[in-house]
Number of protein chains: 2
Amino acid sequence: MPAPQVAEPVTEPATEPAADPATGRVPQGERTRAMRARLLEACVDVLVERGWAGTSTTVVSQRAGVSRGAQLHHFPSKTDLVVAAVEHLTAVRREELTSAVAALPAEARSTRAVLGLLAELFTGPVFAAALELWVAARSDAALLEVVTPFERHLGRETHRFTVELLGADEEQPGVRELVQATLDLVRGLGLAQTLGDDSARRARILDQWALTLDAALARTDTRTRTGTRTGTDGAAPARPDIHWTDSQETR
Amino acid sequence: MPAPQVAEPVTEPATEPAADPATGRVPQGERTRAMRARLLEACVDVLVERGWAGTSTTVVSQRAGVSRGAQLHHFPSKTDLVVAAVEHLTAVRREELTSAVAALPAEARSTRAVLGLLAELFTGPVFAAALELWVAARSDAALLEVVTPFERHLGRETHRFTVELLGADEEQPGVRELVQATLDLVRGLGLAQTLGDDSARRARILDQWALTLDAALARTDTRTRTGTRTGTDGAAPARPDIHWTDSQETR
DNA sequence: GAACAAACAGTCAAGACTGTCTTTTTGTGG
DNA sequence: CCACAAAAAGACAGTCTTGACTGTTTGTTC
């Protein structure tokens, strides 16, 4: 029923291994690296487009423009491929996270902007791929064993980043839980996005949550610290009615 | 890789059609009804246990203790089966929701208790089945068309119930968004649950969320209503350290 | 440049899944 | 009791997926 058609034949050879200008040869290490990279990227792409059930080794090899033999040489079994894809995807997500953080200038780190950033991460294609893996791992013990540790590490990393971006003080009781709640919220928003464009509703929710979160953080803040708040916006919420529309990538 | 083994042969004939004690016959209408019910329940069960990819028509019929021919008689194609399963699952979720609401006595409707109720719904097996459908629908246009309207209706219903249980006043600006955020939060928590037992962390998050939500609802309340209680629980939150452990069904 | 190993290509067999078809059983109406 | 239709059972064909297998090309090393 998912109309298992044949993939479009190799849209992008893309990662062409750099040949030595003198000999015209491509070193083995480079060839291996390029080939594996193409396969893994293709695997993630297919995961996003066709979902877990639609991700067969055949489709991946076709998508990567790689012969089945070559694929089986680098990844002897489908398990090997998937495990490597999980690692690769984790790396991609980590990179996406850090680059997004870097792209957000220090002076623009309002709570709303940070929420928009997170929402963008959790509604993008990379999240979709991760979602497919989570759900698949739910009923596949072997996959679960691979996914879980990676997810744990990345989750903690995301948490740390969020704390830093929000300028939250985790020493304060309840702050840690609020940050976790925020991340679970955007996870839920990411899930809602899978059923259709949800950007308008999401923007309104994030607007309100930013206000609420600011109020809550300020409250737990002033309770034990000095009354001056280091963050940009204090108790009085800045920009009350601005709808900070996060850029919505079309899928 | 999900080890596509043969299902355990018919654990439960369960829904046996009531035979007429006189003739010993079972009327056609009853047979049809019972057969379809068994198939749909089995379909949901398999969805929970094996995930979308592992839900083949063969497995479902085996699980239901129904011959493949009988199955194909009632549901000519897999699409027919799945569509019916989506409707069935929606009905089950609606029933689960209403009965859960009914089971919560009016005097026990603290914010925390309501959150616990929602979390229970969104971490149970029925949510798991729905999750499988959402994710599968993401990359299956036909399925998406079926799932979306049902999901929209049930989502609104859930929203209404939540508003009622929380005693929130949606006329107040921001309240609607906070309720939506709450539902998206539990969705995210449900997602986190799929990767392993998350009940302890969830309990802490919900504790804090209840406090924050109470404060926020009260605040938006007092802002436009009578001016009593400005920042009530700012200093001393009610029930500071009670961990309201939601009953965690083992999966 | 010759020998060796890695990389790459493509075919094949076994099994699983869906959906069609034929046959048998069971209930219903006359 | 009989004729007919619905229900149930099971065999079968076609397609798809996985992984094993054989053969060819390319890089490396002595």
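Please read all numbers here as calculations on a predicted model, not as lab measurements. Chain letters run A, B, ... following the sequence lines, proteins first and then strands; every chain starts at 1. Heavy-atom basis, side chains included; hydrogens, waters and symmetry copies ignored.
With respect to the salt-bridge test (charged N to carboxylate O, under 4.0 angstrom), the residues A/E41 and A/R63 do not qualify.
Computed from coordinates, the B/M35 CE to C/dT25 P distance equals 16 Å when rounded to whole Å. Note: CZ (B/R36) to P (D/dA8) measures 11 Å, nearest angstrom. Atom CZ of A/R68 and atom P of D/dA20 are 11 Å apart (whole Å). The CG atom of A/L81 sits 14 Å away from the P atom of D/dT17 (whole-angstrom rounding). Protein atom CG of B/L39 is 13 Å distant from nucleotide atom C1' of D/dA7, rounded to whole Å.
A close approach under 4.0 Å does not occur between any side-chain nitrogen or oxygen of A/S67 and OP1 or OP2 of C/dC8. Here A/T57 reaches the OP1 or OP2 of D/dT18: one of its side-chain N or O atoms lies under 4.0 Å away.
Residues passing the salt bridge (charged side-chain N to carboxylate O under 4.0 Å, His left out) test with B/R36, sequence neighbours excluded: none. Partners of A/F127 under the ring-ring contact (aromatic ring centres under 6.0 Å, His included) rule, at least two apart in sequence or in another chain, are A/F122, A/W134. Applying the salt bridge (charged side-chain N to carboxylate O under 4.0 Å, His left out) criterion to B/E151, with sequence neighbours excluded, gives B/R93. Among residues two or more places apart in sequence or in another chain, the salt bridge (charged side-chain N to carboxylate O under 4.0 Å, His left out) test is passed with B/E145 by none.
Shown for residues 70-77 of chain B: residues whose heavy atoms fall under 4.0 angstrom of DNA chain C, namely B/L72, B/S77.
At a threshold of 4.0 angstrom between heavy atoms, the contacts of B/T58 include nucleobase atoms, whether or not backbone atoms are also involved.
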May I have the list of side-chain donor-acceptor pairs in residues 180-189 of chain B shorter than 3.5 Å, sequence neighbours left out?
residue	atom	partner	partner atom	Å
B/T182	OG1	B/L178	O	2.8
B/T182	OG1	B/W209	NE1	3.2
B/D184	OD1	A/R201	NH2	3.2
B/D184	OD1	B/R187	NE	3.3
B/D184	OD2	A/R201	NH1	3.1
B/D184	OD2	A/R201	NH2	2.9

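Set against D/dT18, D/dA9, C/dG19, the side chain of A/K78 has D/dT18 as its closest nucleotide.
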